[in-house]
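To start, the structure under review is shown below, and the notes come after it.
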Amino acid sequence: MAAAVTAAAPPNLTSLRFHDEQQQQQQVSFTEEENSLVEALIGIQGRGRSASPQQLTDVERAVQALESLQGIPDPTSSSLIEGRWQLMFTTRPGTASPIQRTFVGVDFFSVFQEVFLRTNDPRVSNIVKFSDAIGELKVEAAASIKDRKRILFRFDRAAFSFKFLPFKVPYPVPFRLLGDEAKGWLDTTYLSQSGNLRISRGNKGTTFVLQKKTEPRQRLLSTISTGTGIKEAIDEFISFNENKGIGEPELQEGEWEMLWSSQEETDSWLENAANGLMGKQIVKENGQIKFVVDILLGLKFSITGTFVKSGTTTYDITMDDAAIIGGQFGYPVELESKFKLELLYSDDKIRITRGYNKIVFVHLRTDGTGQN
């Protein structure tokens with residue numbers, strides 16, 4: 001089992017970079033309507049690929065509310081549209097363009113769009129950043145402004161920039177032979193007054209949500225997706241929220257899927273499942289809690305227990321009613337687990353805890369934004 005987490009690791013480049021970005025994010029603010037969209041995006045993986053019907057509905061409702069407000073009235077003429085935008089969500093992550101079909105639905109990669117219209121060579125570029133150590137793919141398009149909202153573009157070049165090579169590697173797409181497939185248009189239907197949030201709709205019917213700066217939870221989830229510097233990012237995130245003076249956290253009811261844990265070594269599969277080290281946690285208001293893990297061929301492992309608050313941020317967990325379930329049938333399993341659960345952070349979307357054997361967990365809520 002992993003050793004107890006008792007102190008933050010010594011500062012490194014990842015930690016310092018995250019700290020700098022967190023300092024910047026403290027200055028990021030959203031209007032009430034913009035925050036509704038940001039909240040709807042929290043927990044959606046694959047930039048929309050794995051979104052549930054309810055999540056898609058919540059995002060579309062928030063998008064339409066912002067589009068009705070219009071934002072900056074002439075976005076293509078505003079300097080706020082210039083710069084690098086991070087793609088947070090798209091309605092068609094697997095079909096909209098060659099770069100999207102290959103990379104957009106993969107959380108491990110960061111996806112950006114650069115817009116530079118006030119130059120002698122106006123361009124819109126799509127960028128996939130593989131990692132700081134590996135490099136990126138940049139697909140560029142010559143751009144022109146058609147009207148107050150629309151940008152016309154034609155892809156004309158692309159290349160990989162690898163950190164370990166002194167030259168660029170051409171991306172093997174024959175843009176000249178693609179004809180109309182290499183060109184299109186992009187409407188900016190909302191550009192925030194702060195210049196930090198943009199909604200665009202493309203010629204293939206795709207909706208894009210992009211941000212220049214992300215809020216702390218988005219940054220944390222992005223770090224978890226890339227798989228590097230996670231422990232440092234969690235420490236920074238918790239410290240950031242402690243300084244905000246958030247009230248006493250509660251173990252909120254709902255369904256919570258485990259996204260990450262600090263566990264490095266494993267015991268038996270059953271012990272992992274019984275201690276909440278995998279799968280989903282279902283918390284009920286009456287003090288009951290259930291761990292559910294999909295096994296295979298429709299079989300599930302389920303163990304039910306109780307939780308009792310034992311301190312300001314701690315709960316005593318007792319799990320003692322386990323079974324292997326297939327359809328409507330269950331096979332009882334003699335298993336019991338007791339441990340203390342400490343809430344490090346919790347809101348309606350994300351929860352960070354220290355549980356069995358001092359392992360740190362990050363859970364995402366999967367049953368909607370409000371409490372049941």
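- One distance of note links CD of Glu33 with CD of Glu67; it measures 13.5 Å at 0.5 Å rounding.
- A donor-acceptor contact shorter than 3.5 Å is absent between the side chain of Ser78 and the backbone of Asp74.
- When atom types are taken as modelled, the side chain of Ser239 and the backbone of Asp235 share no donor-acceptor pair closer than 3.5 angstrom.
- To the nearest 0.5 angstrom, Asp320 atom CG is 10.0 Å from Glu334 atom CD.
- Looking at Arg148, its side chain never comes within 3.5 Å of a backbone N or O of Ser77 through a donor-acceptor pair.
- Heavy-atom minimum distance, Leu251 versus Tyr315: N-OH, 3.0 Å.
- The distance between the ring centers of Trp85 and Phe208 does not fall below 6.0 angstrom.
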| task | Check the pair Glu342, Thr314 against side-chain contact (heavy atoms from CB on, under 4.5 Å), reporting the backbone distance first and the verdict last. | result | CA-CA 4 Å; Glu342 180 184 3; Thr314 58; 4.1 Å; yes
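- For the atom pair Phe307 CZ and Thr318 OG1, the distance stands at 12.0 Å (nearest 0.5 Å).
- Closest non-hydrogen pair, Lys183 versus Asn203, comes out as O-ND2, 4.2 Å.
- To the nearest 0.5 Å, atoms CH2 (Trp256) and OG1 (Thr353) are separated by 10.0 Å.
- A salt bridge links Arg123 to Asp121: at least one charged side-chain nitrogen sits closer than 4.0 Å to a carboxylate oxygen.
- Judged by distance alone, with hydrogens and angles left aside, the side-chain atoms of Asn286 form a donor-acceptor pair with the main-chain N or O of Gln288 at under 3.5 Å.
- The hydrophobic cluster containing Trp185 does not contain Val115, counting ILVMFWY residues as joined when their side-chain heavy atoms lie under 4.5 angstrom apart, directly or transitively.
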| field | side-chain contact (heavy atoms from CB on, under 4.5 Å) evaluation trace for Thr207 with Phe89 | value | CA-CA 8 Å; Thr207 301; Phe89 175 87; 5.5 Å; no
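- One finds the CD atom of Glu215 at 4.5 Å from the CD1 atom of Ile42 (value rounded to the nearest 0.5 Å).
- Relative ring orientation between Phe160 and Phe162 is described as parallel, the plane-to-plane angle staying below 30° on a 0-90° scale split at 30° and 60°.
- Ile81 has its side chain out of reach of Ile72: every pair of non-hydrogen atoms, C-beta onward, lies at least 4.5 Å apart.
- Atom CD of residue Glu39 and atom CG of residue Asp348 lie 8.0 Å apart, to the nearest 0.5 angstrom.
- Tyr356 and Phe339 have perpendicular rings, their planes meeting at more than 60° on a 0 to 90° scale where under 30° would count as parallel.
- Smallest separation of non-hydrogen atoms from Gln193 and Leu80: O-CD1, 3.6 Å.
- Counting non-hydrogen atoms of neighbouring residues, nucleotides and ligands closer than 6.0 angstrom, the NZ atom of Lys290 reaches no more than 12 such neighbours.
- Under the 3.5 Å distance criterion, the side-chain polar atoms of Thr76 are left unmatched by any main-chain donor or acceptor of Arg150.
- Considering every non-hydrogen atom in both Arg47 and Ser110, the closest pair reads NH1-CA, 4.3 Å.
- Within 6.0 Å of atom OH in Tyr331, 12 or fewer heavy atoms from other residues, nucleotides or ligands are found, so the atom counts as exposed in its surroundings.
- Under the 4.5 Å side-chain heavy-atom criterion for Ile, Leu, Val, Met, Phe, Trp and Tyr, Met319 and Met278 are members of the same hydrophobic cluster.
- The pair Lys284-Glu253 does not meet the salt-bridge criterion, since no charged nitrogen lies less than 4.0 angstrom from a carboxylate oxygen.
- Between the side chain of Glu82 and the main chain of Leu117, a donor-acceptor pair closer than 3.5 Å is present.
- Open room surrounds NZ on Lys338; 12 or fewer heavy atoms of other groups in view lie less than 6.0 Å from it.
- The hydrophobic clustering, which links ILVMFWY residues whose side-chain heavy atoms are closer than 4.5 Å, places Ile317 and Val333 together.
- Considering Leu344, Val362, Thr223 as possible partners of Ile234, the one that fulfils the side-chain contact (heavy atoms from CB on, under 4.5 Å) test is Val362.
- Side chains of Gln86 and Gln218: no donor on one and acceptor on the other come within 3.5 Å.
- In this structure, Lys340 places its NZ atom where more than 12 heavy-atom neighbours from other residues, nucleotides or ligands lie under 6.0 Å away.
- Residues Val209 and Leu37 approach most closely at CG1-CD2, 3.9 Å, considering heavy atoms.
- Residue Asp180 places its CG atom among 12 or fewer non-hydrogen atoms of other residues, nucleotides or ligands, all under 6.0 Å distant.
- Of all the heavy atoms in Leu220 and Ile350, the pair that sits closest is CD2-CD1, 3.9 Å.
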| request: Test Phe130 against Lys163 for side-chain contact (heavy atoms from CB on, under 4.5 Å), laying out the working first. | output: CA-CA 11 Å; Phe130 303 114; Lys163 297 292 185 179; over 6 Å; no
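- Side-chain atoms of Val293 and Trp269, non-hydrogen and from C-beta on, do get closer than 4.5 Å to each other.
- Using a 4.5 Å cut-off between side-chain heavy atoms of Ile, Leu, Val, Met, Phe, Trp and Tyr, with links allowed through other members, Val124 and Tyr171 fall into the same hydrophobic cluster.
- Looking at Gln64, Glu34, Arg201 one by one, the single match for side-chain hydrogen bond (donor to acceptor under 3.5 Å, both in side chains) with Tyr190 turns out to be Glu34.
- Tracing side-chain contacts under 4.5 Å through hydrophobic residues (I, L, V, M, F, W, Y), one never reaches Leu296 starting from Val292; they form parts of separate clusters.
- For Phe155 and Phe153, the ring centers sit closer than 6.0 Å to each other.
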| Arg365/Gln252 under side-chain contact (heavy atoms from CB on, under 4.5 Å): CA gap, chis, key distance, verdict | CA-CA 10 Å; Arg365 190 166 190 158; Gln252 296 190 47; 3.7 Å; yes
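- In this structure a side-chain-to-backbone donor-acceptor pair under 3.5 Å is missing from Ser337 to Asn275.
- Inter-residue side-chain proximity for Lys231 and Trp260 is flagged as met; some heavy-atom pair is nearer than 4.5 Å.
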